[in-house]
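Just so it is clear, the model here is predicted, and its values are computed rather than measured.
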Amino acid sequence: SRVVLALTATAHGARVEVRDSGPGLTADDAAVAFEPGVLHDRYADRGRGGFGLGLAIVHGLVRRLGGTIAVATAPEGGAAFVIDLPTRHVS
């Protein structure tokens with residue numbers, strides 16, 4: 001699979017994109033992607049993967065930093081995770 005990591009400046013901060021050319025997520029999976037353990041429970045019978053905590057941890061960190069995270073379909077065909085973080089000005 002191809003993995004793309006992109007960082008761009010926005011009017012209010014920075015955007016981080018992590019995209020891949022893998023199988024992506026179904027609409028049902030995308031709706032619960034940031035809930036701890038839900039995807040793990042759905043696919044536990046496949047015998048591989050983690051505990052379903054990674055995306056939930058990232059979601060929590062991004063929110064604590066005042067940002068947002070979303071999942072979409074990547075131009076490469078797989079999943080795209082888009083993180084928008086605000087710029088903090090120090091005076």
Side-chain angles (χ1 to χ4, degrees):
S1 290
R2 181 174 176 210
V3 177
V4 175
L5 177 61
L7 174 64
T8 55
T10 65
H12 301 288
R15 172 169 281 180
V16 179
E17 293 182 56
V18 180
R19 308 186 311 256
D20 67 36
S21 61
L25 297 174
T26 67
D28 288 341
D29 287 346
V32 296
F34 303 113
E35 295 180 28
V38 174
L39 294 179
H40 173 264
D41 292 345
R42 284 187 183 179
Y43 299 104
D45 63 333
R46 294 191 183 172
R48 41 184 266 214
F51 294 101
L53 299 176
L55 290 174
I57 291 169
V58 170
H59 180 260
L61 289 172
V62 168
R63 290 194 50 163
R64 286 200 63 170
L65 292 170
T68 61
I69 184 170
V71 61
T73 301
E76 296 79 13
F81 294 92
V82 180
I83 300 169
D84 286 305
L85 295 170
T87 302
R88 304 231 192 262
H89 295 285
V90 178
S91 2

Subject >> Partners passing side-chain contact (heavy atoms from CB on, under 4.5 Å) against Val38 (at least two apart in sequence or in another chain) >> reply: Val32, Glu35, Arg42
Subject >> By side-chain contact (heavy atoms from CB on, under 4.5 Å) - contacts of Ala6 (at least two apart) >> reply: Glu17, Arg19
**OP:** Establish whether Leu5 and Val82 are linked, either directly or via other cluster members, by ILVMFWY side-chain heavy-atom contacts under 4.5 Å.
**Re:** no
Subject >> Residues that Thr8 engages under side-chain contact (heavy atoms from CB on, under 4.5 Å), provided they are two or more places apart >> reply: Arg15
Original post:
How would you list all residue pairs meeting ring pair (Phe, Tyr, Trp, His ring centres under 6.0 Å) that involve residues 5-30, not counting sequence neighbours?
Top reply: none
**OP:** Search all heavy atoms of Leu39 against all heavy atoms of Ala33 and return the closest pair with its distance.
**Re:** CD1-CA, 3.9 Å
Would you tabulate the side-chain donor-acceptor contacts of residues 55-74 under 3.5 Å, counting partners in other chains and residues two or more places apart, or write 'none'?
none

**OP:** Look at the side-chain heavy atoms of Ile, Leu, Val, Met, Phe, Trp and Tyr, link any pair under 4.5 Å apart, and say whether Leu7 and Val4 land in one connected group.
**Re:** no
Subject >> Inter- and intrachain pairs under ring pair (Phe, Tyr, Trp, His ring centres under 6.0 Å), touching residues 67-88, at least two apart >> reply: none
